[in-house]
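The sequence lines fix the lettering, A, B, ..., with proteins before strands; numbering per chain opens at 1. Side chains are part of it too, since the values below use all heavy atoms of this structure and drop only hydrogens, waters and symmetry mates.
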Amino acid sequence: MFFDYREKIGRFITKNVKNIFSVDLEKVVVTSPPQVKFGEYSSTFPFQLAKILKRSPLQIGEEFVNGIDLSQSEISNFVIKVENIKGYVNFHLKRSIFFRELLNTLLADNKKISGPWDTSLKVIVEHTNINPNKAAHVGHLRNAILGDTLVRLLKKMGFNVEVQNYIDNTGVQVADIVVGLKYLKGMGVKEVKELSQMEKFDYFCWDLYTEVGKFYEKKKENLELRRNTLREIESGKGELYEISEMVSSSIVRCHLKTMKRLGIGYDLLPRESDILHLKFWERAFNLLREKRTIEYENEGENRGCWVFKYLNRGKEDTKIIVRSNGTVTYTGKDIAYQMWKFGKLGVDFYYKKFSTEDGFVWMTTSHKDEGEREHPTFGNGDIVFNVIDVRQGYTQNIVYEALKKLGYKREYENSVHFSYEMVALSPKCAVDLGFKLSEEDKGKNFVEVSGRKGLGVKADDLIDKLLERALEEVKNRDVKPDEMRDTAIKIAVGALRYYMLKYTKNSMIIFDMEDALSFEGETGPYLQYSVVRAKNILRKYMDEYQLDEEDLYDIFRKSVFSEISMEDDIWELLWEFIRLDEMVYNSYKKREISILAKGLFSISQKFSAFYSKYRILKRENKREREELLSFVYIFLKIMEFYLWILGIPIVDRM
RNA sequence: GCGCCUGUAGCUCAGCUGGAUAGAGCAACGGACUACGAAUCCGUAGGUCGCAGGUUCGAAUCCUGCCAGGCGUGCCA
């Protein structure tokens, strides 16, 4: 509902400029001034007109303001004043109307985000996608938290969202663990089965993975074991395959458990092995060949390969899709999978329930008899978001280009690589973790996380540390003993999620333990604390005046807004509440979650300032007290609504 | 070589479609609690927005060139 104000003002300007100056403005830009004292909307059209009319912007602004008739316009119901300051034409809104409307919406528990997008569309978001061969680390956390927040954002915008977490259970990474278990540890199916039941099997594999890395380095022939293992896993039969199944399912359970701690869940786990066995690739290959999207090379350096040729900024680029030995590359499989997501492959998976600690999640399967007869419809998306780090940009682009060349223009346009920069460690952090760095690495300002070297901060370790620190803090504060643990968990989650969301996606996060474990300043707990303060005010007020919630709502329904609540600093905050929907839309449009995260932090900051400036309970004037109280209520409700999107839990006391 | 990204305060980062005085957090310094609990607030200090041109009434923002850094760019998986 707040989206059209800007447009209405734009139309108002165009119309009146034509009346007054007989000039057609091509494009009117309506911006928001830096401070509310300049109004809520502003336009600089007098600067554009100055040249044409050969007069100063100031004069033009004056003439415009004098020439309009506000009361007869379509903006008169929400604009109270139009003024000209130095050539900036500023529009002031009727503050109390917005106050009332927002409060009523919140009291009716009817807050929704609506705007110029089509909510009948189905959106598929793919995120997390961790190789199921070892524990998750901080880099994976950025992906999962970013992806999950995107999902929450889309859901609040009204889209039908499906969350997929792709499991690459037939890749080298899993094969390496199988090699380790079989040839380094000398284990068979039975032993692995027992071992994979252990707590923190993912931690065990983390260490084993680096051992296997050294094992390969020691003797090149050992790599032969990997090749054979990989082949057997892909075949779907035999001892090594069985071991790989146990490894990947057990590790997937570990990952799901880790993500669950952060409030992250999934609708479907599509598996690479099923894409393989259900011959998704063959199907895609036929389509690609029929439509001549890929071609066979008879000569040259790529002789014997099927390649995809496309124009990349005017230059022809060639990417091998099928190798000369007949095997398909990752890009090829990705094309097939992306086609399936859009419902363009003409084949589907079977679906089974994959048990987790507290229920199940849907997983694909290749076997008809294993699949459930009844299951939700998966795939068939209209828009697909792939949350993958920036390094995959080239490959992602080829996948989308292939869709375009296949004739799926809409699908091409609706394929989004939701990319983000990687998480690296500061050299100091790496040393603190016990890694020996080379002199060269010490001189750099970051060290790349490497699963193969075991260099990285494990996700669960980080969450545990945050939890520990939160517990220490909580013990010294106003929290009941039986709520301490729950509160500490919420704080830990809030801190971690905000930490991962506050950076723009193009910014590399150089992980620093001190910053990540901080609960002060620009952190999740700061946001949570501001909400706790709002709750405390309302609670104390109810205690002091012997009111229940209904009494309180009654007060809010009746409260009137006068001078106090229209003070600039209060209004500025309220205006920011109102503009949050626009911010959500911007986050979506620009694919930049940090816009919303930063916005909520800014609101929390302003509320904290408000909190220390206006003492509400001690205020003598009842009417003013109630006005301010209703404002606190609005803040609380707004924060509950939008913090949900960031996945930052609300805390009662801290 | 080509492509993408980055360069803003001592450090880590924001800065929307070009617009009004370039903002936060951390660190430093100085203040504010017998309390709507200080995980906070207020204040001070700190900036040739990598460099040089250009476009514009107006540039951190757009264009060009240069410098510095990062990441891609395999018939690997």
Side-chain angles (χ1 to χ4, degrees), chain A residues 27 29-35 38 42-44 46-48 50-51 56-57 85-88 90 168 171-173 175-176 226-227 230 301-307 312-313 315 317 319-325 327 329-330 389-395 397 419 421-422 424 426 444-446 448 470 473-474 476-478 491 495 502-504 506-510 512 514-515 518-523 525-526 528-530 532-541 544 582-583 586 590 592 594-595 597-598 601-602 605 608-609 611-619 628-629 632 653-654:
Chain A
K27 197 176 138 200
V29 180
V30 180
T31 56
S32 301
Q35 292 168 52
F38 296 131
S42 175
S43 180
T44 53
F47 291 91
Q48 296 171 49
K51 211 169 190 180
S56 77
I85 299 175
K86 298 189 293 186
Y88 294 87
N90 298 332
D168 181 3
V172 261
Q173 298 228 13
D176 285 343
R226 174 205 266 179
R227 266 188 290 275
L230 200 55
E301 53 178 357
N302 297 331
R303 190 155 51 100
C305 299
W306 286 88
V307 301
N312 189 2
R313 277 159 230 281
K315 285 202 312 198
D317 211 338
K319 173 75 190 172
I320 291 164
I321 304 295
V322 181
R323 303 182 189 102
S324 53
N325 66 6
T327 58
T329 60
Y330 259 63
D389 78 72
V390 68
R391 288 175 293 188
Q392 302 274 348
Y394 178 72
T395 319
N397 191 244
S419 80
E421 263 293 351
M422 57 180 188
S426 62
K444 290 184 176 172
N445 45 3
F446 68 89
E448 198 173 341
E473 286 289 332
V474 159
N476 305 321
R477 292 167 200 273
D478 175 37
I491 291 168
K502 72 174 175 180
Y503 296 93
T504 53
N506 280 339
S507 173
M508 191 190 291
I509 297 182
I510 297 170
D512 184 88
E514 284 289 308
D515 286 349
S518 168
F519 297 153
E520 285 165 21
E522 195 191 346
T523 64
Y526 180 99
Q528 292 169 314
Y529 188 59
S530 68
V532 165
R533 287 173 138 180
K535 284 194 171 202
N536 284 344
I537 296 174
L538 295 175
R539 186 166 34 227
K540 287 250 172 172
Y541 195 84
E544 209 163 315
E582 210 173 23
M583 222 175 252
N586 272 338
K590 294 181 194 301
E592 188 53 86
S594 69
I595 293 175
K598 291 270 182 188
F601 173 67
S602 157
Q605 261 183 321
S608 294
Y611 177 90
S612 48
K613 182 175 168 186
Y614 297 91
R615 300 264 125 183
I616 297 170
L617 299 189
K618 281 188 187 146
R619 198 167 268 267
L628 291 171
L629 204 66
V632 171
R653 294 165 193 264
M654 64 188 276

With respect to the phosphate group of C75(B), does any side-chain polar atom (N or O) of Asn302(A) fall under 4.0 Å of OP1 or OP2? no
Using a cut-off of 4.0 Å on non-hydrogen atoms, how would the nucleic acid contact of Ala609(A) be classed: base, sugar-phosphate, or nothing? sugar-phosphate
What does Pro57(A) touch in the nucleic acid at a heavy-atom separation under 4.0 angstrom: a base, only the sugar-phosphate, or nothing? nothing
No-H, no-angle donor-acceptor pair, Ser608(A) side chain to C41(B) base, under 3.5 Å: no
Any N/O donor-acceptor pair, Ser518(A) side-chain to A39(B) base, under 3.5 Å: no
Of Met508(A) and Arg477(A), the one whose closest RNA chain B nucleotide lies more 5': Met508(A)
Between atom CZ in Phe446(A) and atom P in U12(B), what is the gap in whole Å? 13 Å
For Tyr394(A) and G3(B), say yes or no: do the ring centres fall under 5.5 Å of each other while the ring planes differ by less than 30°? no
Asn536(A) versus Arg533(A), side-chain donor and acceptor atoms under 3.5 Å: no
Between the side chains of Thr327(A) and Asn325(A), is a donor N or O closer than 3.5 angstrom to an acceptor N or O? yes
I need the CD-C1' distance between Glu473(A) and U40(B), as an integer number of Å. 13 Å
Once you apply a heavy-atom cut-off of 4.0 Å, does Lys618(A) come out as touching a base, just sugar-phosphate, or nothing? sugar-phosphate
C4(B), OP1 or OP2 - any side-chain N/O from Arg391(A) closer than 4.0 Å? no
Taking a pair to mean Watson-Crick or G-U wobble geometry with both distances below 3.5 Å, C57(B) pairs with G19(B)
Should G25(B) form a Watson-Crick or G-U wobble pair with both distances under 3.5 Å, which nucleotide is its partner? C11(B)
Distance below 4.0 Å between Tyr503(A) side-chain N/O and G25(B) OP1 or OP2: no
Are Arg226(A) and C76(B) close enough that a side-chain N or O sits under 4.0 Å from OP1 or OP2? no
Using atom CG of Asn506(A) as one end and atom C1' of U8(B) as the other, report the distance to the nearest whole Å. 16 Å
Remember a base hit wins even if backbone is also touched, and classify Val307(A) as base, sugar-phosphate or nothing at under 4.0 Å, heavy atoms. nothing
Can you see if the side chain of Gln35(A) gets near the phosphate of U21(B) - specifically, an N or O under 4.0 Å from OP1 or OP2? no
